[in-house]
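Comments concern the structure below.
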Amino acid sequence: MAGAGGGGCPAGGNDLQWCFSQVKGAIDEDVAEVERRRWAPPRVPHPYRSLQWVPRGCWACCTASEDGQILADIISTVEFNYSGDLLATGDKGGRVVIFQREQENKSRPHSRGEYNVYSTFQSHEPEFDYLKSLEIEEKINKIRWLPQQNAAHFLLSTNDKTIKLWKISERDKRAEGYNLKDEDGRLRDPFRLTALRVPILKPMDLMVEASPRRIFANAHTYHINSISVNSDHETYLSADDLRINLWHLEITDRSFNIVDIKPANMEELTEVITAAEFHPHQCNVFVYSSSKGTIRLCDMRSSALCDRHSKSVKKRPHFIENQCACRGCVTYVLETAHGSRECHQVTPYLLPGLGTPRAGRGLLGPGAARTHRHGAVVACGRRRDLKQDTVFEEPEDPSSRSFFSEIISSISDVKFSHSGRYMMTRDYLSVKVWDLNMESRPVETHQVHEYLRSKLCSLYENDCIFDKFECCWSGSDSAIMTGSYNNFFRMFDRNTRRDVTLEASRENSKPRASLKPRKVCTGGKRKKDEISVDSLDFNKKILHTAWHPAGNVIAVAATNNLYIFQDKVN
């Protein structure tokens with residue numbers, strides 16, 4: 001990637017630069033026209049190519065409001081699948097659009113596999129909770145792909161309350177020659193049949209179908225902010241402001257509550273859950289972050305509810321668990337579809353990641369019980385060491401504390417690295433990389449837009465200080481990316497410690513156009529290519545980004561436009 005000063009960061013001995021590849025969306029002056037369309041194709045020619053970041057494409061869908069701003073078509077999530085061949089986006093209108101990467105064409109060497117629309121479907125509709133007099137909007141909060149097991153693709157999408165499992169499949173043949181119905185579908189009189197025909201399959205135009213296979217509802221009282229698929233590919237977690245639930249992909253009417261931070265008295269509430277994710281390789285480990293700036297790494301083998309923490313990370317003392325006739329069954333707090341909470345005993349192999357209780361001494365007799373403070377029987381089995389959930393928190397400098405300190409320290413996103421050794425967190429002003437083996441402080445801290453610290457008062461007045469920026473890893477974990485204002489996005493090379501600010505703009509969306517590094521001037525005399533901090537447009541923001549899991553291709557959502565950039569090819 002290009003450096004902040006305009007140079008390039010070394011990538012295998014060569015300078016890595018980004019160029020424009022595609023931009024999919026609506027041009028501002030066409031908002032009125034696009035209001036009649038959904039997910040319009042790009043108005044610009046298919047631009048892109050490059051190992052410098054270059055725009056690759058931009059898509060958008062539009063419903064104009066009174067001030068001309070796109071509302072229902074604002075992109076709310078972006079996600080590559082495991083191979084990177086599919087790219088899914090969700091918007092505030094409840095739609096999911098999937099782009100497929102085309103095969104590279106030798107006759108068009110510079111196309112390098114463009115992303116074109118593969119499927120579009122309405123994932124969620126607006127609902128109304130009559131018991132609580134609450135309107136549930138259709139906005140797609142998160143999309144997560146499942147690993148591909150066959151010819152079909154599966155993904156999870158969620159709004160504030162309901163999670164859906166979708167199957168995306170292709171059909172290019174149709175059956176003809178039925179005995180009991182005509183070609184137009186009308187039923188035949190069986191008494192007039194004189195011969196028996198064998199139906200045959202005939203080719204047809206390719207049709208991509210999206211069908212809901214599971215609907216997981218009624219398990220969250222508060223708004224869902226995260227979903228994450230487990231490495232066992234059988235379970236996933238969903239997190240709202242106060243609880244995290246564990247689901248099985250085949251069971252829709254019940255989930256296991258694994259984190260519950262709701263106090264008995266809501267006036268004592270001091271923090272909420274902001275993000276959660278499973279470890280990419282260890283199915284028993286997950287992490288969640290809070291609005292107080294803390295990150296908690298939890299092990300589901302330690303207890304049924306992973307919500308007990310200690311600021312000083314110490315080992316808990318041993319405790320005696322009881323042995324029962326079922327040889328190590330575990331009782332979990334169960335959230336039913338109707339919101340009630342029950343206690344159910346399950347054997348460890350039914351819940352991937354729990355593991356088998358380890359042998360120990362001092363077994364109690366059958367029938368003994370140990371009760372969790374939330375009223376759930378935690379475990380029956382054998383004595384074992386209870387692992388302490390690790391709390392990652394950087395000490396705050398008292399001299400820098402201000403009225404806004406708690407707000408800007410709130411973590412908006414947390415992501416494990418692909419290797420599973422590190423995790424990355426994003427707060428309002430910075431990105432931090434943590435080593436899972438060292439919870440005392442981050443190993444890397446990258447300032448995203450430190451120049452906004454002097455603008456916190458005005459950002460608080462216009463509510464921008466509450467924006468939730470996401471972050472993502474490169475496929476090799478050697479670089480990280482996150483968004484900023486004025487349609488800027490930041491990239492940090494972890495090996496060379498160099499960084500760059502790039503801009504997603506239609507003005508730069510020319511074929512193979514290299515992205516020029518941008519720099520923000522905080523004071524004094526402004527240079528020609530610099531932009532003043534007072535000139536930043538806080539209505540243009542990049543909250544959602546995604547990086548191809550294996551290649552140098554990135555997707556950036558700028559309001560209702562999806563920009564795709566790739567490495568520059570000389």
If you measure from the Lys or Arg side-chain nitrogens to the Asp or Glu carboxylate oxygens, is any gap between [X] and [Y] under 4.0 Å?
X      : Y      : value
Glu79  : Arg144 : yes
Glu470 : Lys142 : yes
Arg101 : Asp85  : no
Glu209 : Lys167 : no

With rounding to the nearest 0.5 Å, note down the distance linking [atom1] in [X] to [atom2] in [Y].
X      : Y      : atom1 : atom2 : value
Leu242 : Asp260 : CG    : CG    : 7.5 Å
Ser255 : Ile244 : OG    : CD1   : 12.0 Å
Trp247 : Leu165 : CH2   : CG    : 12.0 Å

Requested in this report: Please name the residue in the list Glu102, Glu170, Gln100 that meets the side chain to side chain donor-acceptor pair (under 3.5 Å) test with Tyr118.
Outcome: Glu170

Query - Heavy-atom check, side chain of Met423 versus side chain of Phe392, under 4.5 Å - result: yes

Query raised in the report: Is there a side-chain contact between Met300 and Ile258 (heavy atoms, below 4.5 Å)?
Result: yes

Query raised in the report: Parallel under 30°, tilted from 30 to 60°, perpendicular over 60°: which one fits the rings of Phe121 and Trp166?
Result: tilted

Report task. Please state whether the rings of Tyr115 and Phe80 are parallel, tilted or perpendicular, taking 30° and 60° as the class boundaries. Result -> perpendicular

With no hydrogens and no angle check, do the side chains of [X] and [Y] hold a donor and an acceptor under 3.5 Å apart?
X      : Y      : result
Thr235 : Asn230 : yes
Asn225 : Asn141 : no
Ser291 : Thr274 : no

Query raised in the report: How about Glu444: does its CD atom have over 12 heavy atoms from other parts shown lying under 6.0 Å from it?
Result: yes

**Report entry** Contact summary for Ser412 and Phe469, nearest pair of heavy atoms
**Finding:** OG-O, 2.6 Å

Query raised in the report: Any chance the rings of Phe489 and Tyr563 have centres within less than 6.0 Å?
Result: no

Query raised in the report: Are the aromatic rings of Tyr236 and Phe286 close, with centres under 6.0 Å apart?
Result: no

Report summary line: The side chain to side chain contact (heavy atoms under 4.5 Å, CB included) partners of Ala550 (sequence neighbours excluded) come to His548

Query - side-chain contact (heavy atoms from CB on, under 4.5 Å) partner of Leu87, chosen from Ile98, Asn81, Leu562 - result: Leu562

